[in-house]
Amino acid sequence: MEGFSPELAVVTHAGGVELEEPLAIRPTSETVVGELYAKWVQSYRDLPLLYNQWCNVVRWEMRTRPFLRTTEFLWQEGHTAHATEEEARFEVRQMLDVYATFAEEFAAVPVIRGEKTEGERFAGAVQTLTIEAMMRDGKALQSGTSHYLGQNFAKAFDIKFNDVNNEQAFAHTTSWGLSTRMIGAIIMAHGDDAGLILPPKLAPTQVVVVPMGRSNDEAGRARVAAEVDRLAGELRRAGVRVHVDARDANPGAKFYEWEQKGVPLRVEIGPKDLDAGTALVKDRLGTDKTAVPLDGLVAYLVEALPAFHDRLYARARTFREERTVEAHTFEELVAGVERGFVIATHCGDPESERAIQEATKATVRCIPLEGVSAEGTPCVHTGRPSGYANKVVFGRAY
RNA sequence: CGGGGCGUAGCGCAGCCUGGUAGCGCACAUCGUUCGGGACGAUGGGGUCGGAGGUUCGAAUCCUCUCGCCCCGACCA
């Protein structure tokens, strides 16, 4: 698609020779899918059609950023074709909600669901929905998108079908994607100076157990090892991803290492704990260690994981709220985007949007689906009436 | 493509201005002491100073060329 032409990577040589016909590396698969759909779709009975794939795509950006903008990235992209606009739009909204649910309930990253403005919309789309997250530096990250393509792509690729009345009609298509950028979102929405903080549902290791005790106290170590084995076994049976770090290294060094890796919960068990019938539990968000009786430890940890998720989510959400302000003047907008998001009325004029970006580095991240009504309020920039039902979210973005 | 910066031990850096044949921290090895928040001591191993050419009695250091990397800006999920 021409909207992508500047970022297309083109293969000119292969097999040691120059190709007669250059090969474009897909930046997204709309064209591939469009051609297939044109062949597959004959009748309204063939619809709706949904095709999902995980693949790598290449976009030749001028500047890359680890996880957030890489030349090549893995993503999931879905493409659907429908007989009616209503059905297609339902799909678009449904997938946005799937992404939002994943972000919030699995990654613990709070997101704002919204619509992109004309200027930020996917090339060729009638409507682009987005989930926008705030990173710890106050910048926005578009974390997933869902597009209603109208009949634009159907017309371009000739995706036609016979409807119930045996009349030819163009399909309404959608596409939606979520990429490895989400990993960046998790890192940058939760991480702190000590390293990663991983959401329990996605953490490869949810609980790390560190056996304590002196290396020359063989009897003590054996007692501890037996208890740690028992505990780890029980946790695994309870469905917890647990790792036992029995390396011969200083405990403090192990603590820092696992904290850096973002493991949500840590258990320390040593001879003293065995004598007391307890273990020390510490989580990645807190500073205190809690002594928990050994006989209730598994249940404690099993419950602590979802609780940790909730706290992580709440923390990110509070952070975002504290860095979100509502602006009524341009000065407030300018000041607000220095720290985070700004909720304000906008006239919808792409020219105004460009001018604002020029002056502030901030863009309209989205027009929130559920937001503050803009009714009766003037544009922060032009003073004209709002171009949308709701006030928009301004922010600097990755 | 503009603007800045950096290449010296596995990693992070100093030394360069003012030439005299390379040093610090971490890591590594051995031994001992440690062991519930990144241990300590002693001893030891390890470097074509990004590359090429030049100046000089002598170049990590000065000159010329060259290669590579990073950051900022423009593009963008």
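Every value quoted in this text rests on a predicted model; they were computed, and no experiment measured them. Side chains included, hydrogens not; waters and symmetry mates left out as well; all remaining heavy atoms used. So you know, we letter chains A, B, ... as the sequences are listed, proteins then strands, and number each from 1.
- The partner of B:G32 is B:C40, judged by Watson-Crick or G-U wobble contacts that both fall below 3.5 Å.
- As the counterpart of B:C6, B:G68 is assigned, both hydrogen-bonding distances of the Watson-Crick or G-U wobble pattern falling under 3.5 Å.
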When you compare the protein's N or O atoms with those of nucleotides 38-40 of chain B, which come within less than 3.5 Å of each other, and at what distance?
residue	atom	partner	partner atom	Å
B:A39	OP2	A:N250	ND2	2.4
B:A39	O4'	A:N250	ND2	3.4

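- Annotation: B:A60 and B:U21 have their P atoms spaced 10 Å apart (nearest Å).
- Applying the salt bridge (Lys or Arg N to Asp or Glu O under 4.0 Å) test to every pair with at least one member in residues 190-214 of chain A, sequence neighbours left out, gives these pairs: A:D192-A:R284.
- Comparing B:C6 with B:A27, their C1' atoms are spaced 23 Å from each other, to the whole Å.
- B:U18 makes up no base pair with any nucleotide shown, lacking Watson-Crick or G-U wobble contacts both under 3.5 Å.
- Counting to the nearest Å, the P atom of B:A77 and the CZ atom of A:R121 are 13 Å from each other.
- The residues A:E257 and A:K254 are annotated as not salt-bridged, no charged nitrogen and carboxylate oxygen being separated by less than 4.0 angstrom.
- In this structure A:D217 satisfies the side-chain hydrogen bond (donor to acceptor under 3.5 Å, both in side chains) test with no other residue, sequence neighbours excluded.
- Between B:U8 and B:G68, the two C1' atoms lie 16 Å apart (nearest whole Å).
- By the ring-ring contact (aromatic ring centres under 6.0 Å, His included) test, A:H82 pairs with no residue at all, sequence neighbours left out.
- For A:E234 and A:R230, the salt-bridge test passes: some basic side-chain N is under 4.0 Å from an acidic carboxylate O.
- A:C55 is listed as a side-chain neighbour of A:V57, based on a closest heavy-atom distance under 4.5 Å.
- Within residues 137-147 of chain A, the residues that have a heavy atom under 4.0 Å from RNA chain B are, in order of number, A:Q142.
- Comparing the P positions of B:C40 and B:G46 gives an interatomic distance of 25 Å, to the nearest angstrom.
- In a base pair of the Watson-Crick type (N1 to N3 plus N6-O4 or O6-N4) or a G-U wobble (N1-O2 and O6-N3), with each distance short of 3.5 Å, B:A74 is matched with no nucleotide.
- A straight line from CD of A:E120 to C1' of B:C75 spans 13 Å, rounded to a whole angstrom.
- Both tests do not hold together for A:R45 against A:W40: distance to the six-membered ring centre under 6.0 Å, angle to the ring axis within 45°.
- Within residues 201-228 of chain A, the residues that have a heavy atom under 4.0 Å from RNA chain B are, in order of number, A:M212, A:G213, A:R214, A:S215, A:N216.
- In this structure, A:K282 and A:A397 both approach RNA chain B, and ranking their closest nucleotides by distance from the 5' end singles out A:K282.
- The salt bridge (charged side-chain N to carboxylate O under 4.0 Å, His left out) check on A:E85 picks up A:R89, with sequence neighbours excluded.
- Under 4.0 angstrom from either OP1 or OP2 of B:C35 there lies no side-chain N or O belonging to A:K272.
- The separation of B:U56 from B:G44, taken at their P atoms, amounts to 41 Å, rounded to a whole angstrom.
- Per the geometry, CZ belonging to A:R247 stands 16 Å off P belonging to B:G37, to the nearest Å.
- When each of A:E72 and A:D248 is assigned the nucleotide of RNA chain B with its nearest heavy atom, A:D248 is the one assigned upstream, toward the 5' end.
- When the P atom is used for both B:C26 and B:A42, the distance is 12 Å, rounded to whole Å.
- In the set B:C75, B:G36, B:G37, the nucleotide with an atom closest to the side chain of A:L280 is B:G36.
- A donor and an acceptor atom, one from each side chain of A:W258 and A:D245, are located under 3.5 Å apart.
- A:R354 has no carboxylate O lying under 4.0 Å from a charged side-chain N of A:D349, or vice versa, which leaves the two without a salt bridge.
- Of the nucleotides present, B:G12 is the one that pairs with B:C24 by Watson-Crick or G-U wobble criteria, both distances under 3.5 Å.
- Put simply, CH2 on A:W176 is 17 Å from C1' on B:A77, counting in whole angstrom units.
- Counting non-hydrogen atoms under 4.0 angstrom, A:K116 reaches nothing in the nucleic acid.
- Summarising the base pairing, B:U55 is matched to no nucleotide, lacking a Watson-Crick or G-U wobble pair whose two defining distances lie under 3.5 Å.
- At whole-Å resolution of the value, CZ in A:R266 and C1' in B:G36 are 10 Å apart.
- Heavy atoms of A:T70 sit under 4.0 angstrom from at least one base atom.
- A salt bridge links A:E132 with A:K116; the closest basic N to acidic carboxylate O contact falls under 4.0 Å.
- The pairing partner recorded for B:C49 is none, the criterion being a Watson-Crick or G-U wobble arrangement whose two distances lie under 3.5 angstrom.
- With a 4.5 Å cut-off on side-chain heavy atoms, A:C347 and A:H381 do not count as touching.
- The distance from atom CG of A:D275 to atom C1' of B:G36 is 13 Å, rounded to the nearest whole Å.
- Taking a 6.0 Å sphere around CD of A:Q168, one finds it holds more than 12 heavy atoms contributed by other residues, nucleotides or ligands.
- As judged by a 4.0 angstrom heavy-atom cut-off over every strand, A:E259 is placed among the base-contacting residues.
- Listed by first and then second residue, the salt bridge (Lys or Arg N to Asp or Glu O under 4.0 Å) pairs involving residues 323-334 of chain A are A:E326-A:K391 (not counting sequence neighbours).
- Listed by chain and residue number, A:R93, A:R113 satisfy the side-chain hydrogen bond (donor to acceptor under 3.5 Å, both in side chains) test with A:D97 (two or more places apart in sequence, or in another chain).
- Taking A:T64 as the reference, nothing meets the side-chain hydrogen bond (donor to acceptor under 3.5 Å, both in side chains) condition, with sequence neighbours excluded.
- A donor N or O paired with an acceptor N or O is found under 3.5 Å between the base of B:G37 and the side-chain atoms of A:K289.
- Every residue two or more places apart in sequence or in another chain was checked for a side-chain hydrogen bond (donor to acceptor under 3.5 Å, both in side chains) with A:R236, and none qualifies.
- Sorted by residue number, the list of members of residues 90-112 of chain A with any non-hydrogen atom under 4.0 Å from RNA chain B is empty.
- When rounded to the nearest whole Å, the span between CD of A:E358 and P of B:A74 equals 9 Å.
- Between B:G53 and B:A59, the two P atoms lie 13 Å apart (nearest whole Å).
- When the C1' atom is compared between B:A39 and B:U34, the two are found 7 Å apart, to the nearest whole Å.
- In this entry the distance linking CG of A:L8 with P of B:C75 reads 18 Å, nearest Å.
- Here A:F73 lies in heavy-atom contact (under 4.0 Å) with a base.
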